[in-house]
Amino acid sequence: MKQMAVFASGNGSNFQALVDAIKSGSLQTELSLLVCDNKNAFVLERALAENIKVFVFDPKQYETKSSFEKEILRELAIHDIDWIVLAGYMRLIGPTLLSKYSGRIINIHPSLLPSFPGKDAIGQALQAGVGTTGVTVHYVDEGMDTGTVISQREVPILSTDSKDSLQKRIQAVEHELYPAVLAELLRK
Ligand code: GRF
């Protein structure tokens, strides 16, 4: 079975959605490692509760991105990781990881890319006053949310929406779309 590592920096609701999809049998892969760059992230508690191994690192302890990515690569090798799945990992992937996992790094982003890349995509969409935003699952390249799109789902913006309410609906879509897209990719 293919081995997957999830990279996350925060809450980890998408991490949880993937764990749940694996448990239910709808996603056939093993989530054998969580890579996390924030020792205070709630996703760490989720991993602990699910008995999933964790590699936590502090980027400030390293001189360069390449030096911590080399360490991540070592961890990925130990766990025989085939796929890297980014789920709220708040940093750009560098050439060290990209060259080893080319075409095998996936991300989820809360907008219809190429609209609203980067931070606070939901705030950006509200600010722009568009009627529809959404969710994109895409391959990762060296850019900020610029890789080839795999799948997108629209989410309407309601006139009554606050950032909070819109985020809740977007995340509900993410939690369905991400496991479904990964299941499809793994079938290929
Ligand atoms: C998600 O909205 C995802 O699209 C973005 O970061 C957020 C992570 O949320 N890349 P969570 O940590 O999975 O709850």
Side-chain angles (χ1 to χ4, degrees), residues 4-24 26-27 29 31 33-50 52 54-57 59 83-94 97-98 101 104-128 130 132-157 161-183 185:
M4 166 173 110
V6 172
F7 287 29
S9 307
N11 174 27
S13 68
N14 280 283
F15 169 84
Q16 192 67 54
L18 295 171
V19 169
D20 294 345
I22 291 168
K23 281 185 177 167
S24 79
S26 64
L27 175 59
T29 181
L31 202 179
L33 183 67
L34 169 71
V35 173
C36 181
D37 61 352
N38 170 10
K39 67 175 179 8
N40 299 315
F42 184 64
V43 70
L44 293 171
E45 285 179 42
R46 297 183 189 268
L48 188 69
E50 300 291 347
I52 292 172
V54 164
F55 174 62
V56 199
F57 68 100
W83 288 86
I84 296 176
V85 172
L86 308 184
Y89 180 64
M90 300 304 284
R91 45 190 79 242
L92 276 178
I93 300 293
L97 276 170
L98 272 172
Y101 279 86
R104 292 184 294 148
I105 311 180
I106 317 288
N107 184 40
I108 190 161
H109 183 78
S111 77
L112 296 175
L113 290 172
S115 296
F116 315 124
K119 287 211 173 110
D120 192 21
I122 297 172
Q124 289 184 55
L126 279 173
Q127 192 67 34
V130 292
T132 305
T133 184
V135 175
T136 302
V137 177
H138 64 95
Y139 287 106
V140 172
D141 64 12
E142 60 288 341
M144 172 84 86
D145 304 318
T146 51
T148 306
V149 170
I150 303 168
S151 185
Q152 292 187 308
R153 203 59 79 80
E154 288 186 0
V155 176
I157 299 182
D161 261 333
S162 61
K163 199 157 136 185
D164 215 43
S165 63
L166 180 56
Q167 181 171 2
K168 282 209 176 85
R169 289 207 316 288
I170 285 183
Q171 288 230 310
V173 170
E174 290 186 335
H175 300 159
E176 249 185 64
L177 185 67
Y178 216 5
V181 168
L182 290 169
L185 278 179

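What you see is a predicted model, and the numbers here were worked out from it, not measured in a lab. Numbering of ligands and ligand atoms starts at 1, following listing order.
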> NE2/His138 to OG1/Thr146 distance, rounded to the nearest 0.5 angstrom?
Replying inline: 7.5 Å
> Which parts of the protein, at residue level, reach under 4.0 Å of ligand 1 through a heavy atom?
Replying inline: Asn11, Gly12, Ser13, Asn14, Gly88, Ile108, His109, Pro110, Gln171, Glu174
>> According to ring-ring contact (aromatic ring centres under 6.0 Å, His included), who are the partners of Phe15, at least two apart in sequence or on a separate chain?
In response: none
> With sequence neighbours left out, what residues match Thr148 under side-chain hydrogen bond (donor to acceptor under 3.5 Å, both in side chains)?
Replying inline: none
> Going by atom types alone, do Thr132 and Glu154 pair a side-chain donor with an acceptor below 3.5 Å?
Replying inline: no
> Which residue pairs pass the salt bridge (Lys or Arg N to Asp or Glu O under 4.0 Å) test when at least one of the two sits in residues 113-123, sequence neighbours left out?
Replying inline: Asp120-Lys163
> Under the criterion side chain to side chain contact (heavy atoms under 4.5 Å, CB included), which of Val85, Val35, Ile84 is the partner of Val6?
Replying inline: Val85
